[in-house]
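Single-structure report; data block below.
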Amino acid sequence: MSDPNFSSKDTSSLVKDVVDKVLQVDGEGNSNLNLTEKEVEQVTNTISNLLLSSATYSCSNTTDTELKDDMGGDIESYLSVIGDSALKNSKSGANTTVATDAFDLFTAAVSKCNISSEDGIRASEDSPKIFLDLKEDDPDCSELVNIKYYAF
């Protein structure tokens with residue numbers, strides 16, 4: 001998809017259809033699929049290339065943005081499957097970061113008592129730092145919460 005001779009709306013649409021089928025995302029944006037580490041890498045690279053291609057194609061042909069509009073609702077679902085799978089495959093089990101040319105994805109499973117941090121979190125050195133604040137007076141510290149953070 002990085003070759004401009006093969007980058008077009010039709011090519012991108014075909015790749016998007018393949019990603020839809022591989023990730024088995026339902027109409028609600030959910031998937032029970034758990035990708036292996038290799039699959040996470042392959043799907044991540046494909047989605048990154050798809051996003052970069054879509055951005056290039058949409059900028060060069062502003063009258064036809066169907067693909068970009070079609071992808072918009074699916075990107076969060078794709079990244080959710082990647083993040084959930086990367087976290088399940090993580091040896092530390094605490095957090096994972098996936099960085100590409102198109103996006104950074106940070107996923108973490110943290111205790112409700114550890115969500116608020118003065119240090120903040122960031123997917124990579126180049127991505128923005130975010131700060132979270134739990135709005136519960138007496139949280140159950142044994143309960144884990146998944147945090148997903150996408151930076152484009």
Side-chain angles (χ1 to χ4, degrees), residues 1-2 9 12-59 62 65-152:
M1 296 247 336
S2 59
K9 178 180 177 252
S12 297
S13 292
L14 179 62
V15 172
K16 182 193 171 304
D17 289 344
V18 170
V19 171
D20 285 342
K21 288 182 176 87
V22 167
L23 294 184
Q24 303 170 12
V25 176
D26 67 19
E28 301 296 315
N30 301 313
S31 174
N32 293 325
L33 189 63
N34 186 32
L35 302 172
T36 65
E37 287 182 46
K38 183 70 173 170
E39 290 168 332
V40 165
E41 180 182 335
Q42 292 169 337
V43 171
T44 299
N45 289 334
T46 301
I47 292 170
S48 177
N49 289 338
L50 189 61
L51 285 169
L52 293 172
S53 175
S54 174
T56 300
Y57 179 75
S58 294
C59 289
T62 56
T65 59
E66 291 174 21
L67 176 65
K68 185 178 73 172
D69 292 343
D70 187 33
M71 284 180 50
D74 297 327
I75 295 301
E76 184 177 358
S77 298
Y78 297 162
L79 296 180
S80 183
V81 173
I82 292 169
D84 289 345
S85 296
L87 190 60
K88 287 176 188 171
N89 295 331
S90 170
K91 291 176 181 38
S92 70
N95 63 58
T96 62
T97 300
V98 176
T100 72
D101 290 339
F103 62 88
D104 290 342
L105 165 61
F106 175 83
T107 308
V110 297
S111 161
K112 281 189 169 185
C113 294
N114 294 331
I115 286 179
S116 301
S117 168
E118 292 180 15
D119 296 331
I121 60 170
R122 63 173 16 144
S124 70
E125 287 299 317
D126 297 330
S127 64
K129 185 182 284 191
I130 62 170
F131 297 89
L132 304 173
D133 188 25
L134 185 64
K135 299 290 185 190
E136 286 184 23
D137 292 332
D138 190 22
D140 178 358
C141 293
S142 66
E143 188 175 345
L144 292 180
V145 177
N146 283 349
I147 298 172
K148 294 177 189 148
Y149 160 38
Y150 319 120
F152 293 91

Quiz item: Are any of the side-chain heavy atoms of Leu35 and Lys88 separated by less than 4.5 Å?
Solution: no

Quiz item: If you take all heavy atoms of Thr36 and Asn89, which pair is closest and at what distance?
Solution: C-ND2, 3.4 Å

Self-check item: Ile75 side chain near Phe152 side chain, heavy-atom distance below 4.5 Å
Solution: yes

Quiz item: Do other residues, nucleotides or ligands put more than 12 heavy atoms under 6.0 Å from Asp140 CG?
Solution: yes

Quiz item: What are the two closest heavy atoms between Thr107 and Leu105, and how far apart are they?
Solution: OG1-CD1, 3.8 Å

Exercise. Work out which heavy atom in Ser90 is nearest to a heavy atom in Thr96; give both atom names and the distance.
Key: CB-CG2, 3.4 Å

Quiz prompt | Note, Phe103 side chain near Thr44 side chain (heavy atom, < 4.5 Å) | solution = yes

Quiz item: For Lys112, which residues count as a side chain to side chain contact (heavy atoms under 4.5 Å, CB included) partner, sequence neighbours excluded?
Solution: Leu134, Glu136, Pro139, Glu143, Val145

Quiz item: Do Tyr78 and Leu23 come within less than 4.5 Å of each other through their side chains, counting heavy atoms only?
Solution: yes

Quiz prompt | Heavy-atom closest pair, residues Ser85 and Leu33 | solution = OG-O, 3.8 Å

Practice problem: Identify the two heavy atoms, one from Val98 and one from Ala86, that lie closest to each other, and give their separation to 0.1 Å. | Solution: CG2-CB, 4.4 Å

Quiz item: How long is the span from the OG1 atom in Thr100 to the CD1 atom in Ile82, to the nearest 0.5 Å?
Solution: 8.5 Å

Quiz item: Can you tell me if NZ on Lys38 sees more than 12 non-hydrogen neighbours from other groups inside 6.0 Å?
Solution: no

Quiz item: Does Gln42 offer a backbone N or O that forms a donor-acceptor pair with the side chain of Thr46 under 3.5 Å?
Solution: yes

Practice problem: Could you tell me which non-hydrogen atom of Leu144 sits nearest to which non-hydrogen atom of Ser111, and how far apart they are? | Solution: CD2-N, 3.6 Å

Exercise. Report the distance from atom CG of Leu51 to atom CG of Leu79, rounding to the nearest 0.5 Å.
Key: 7.5 Å

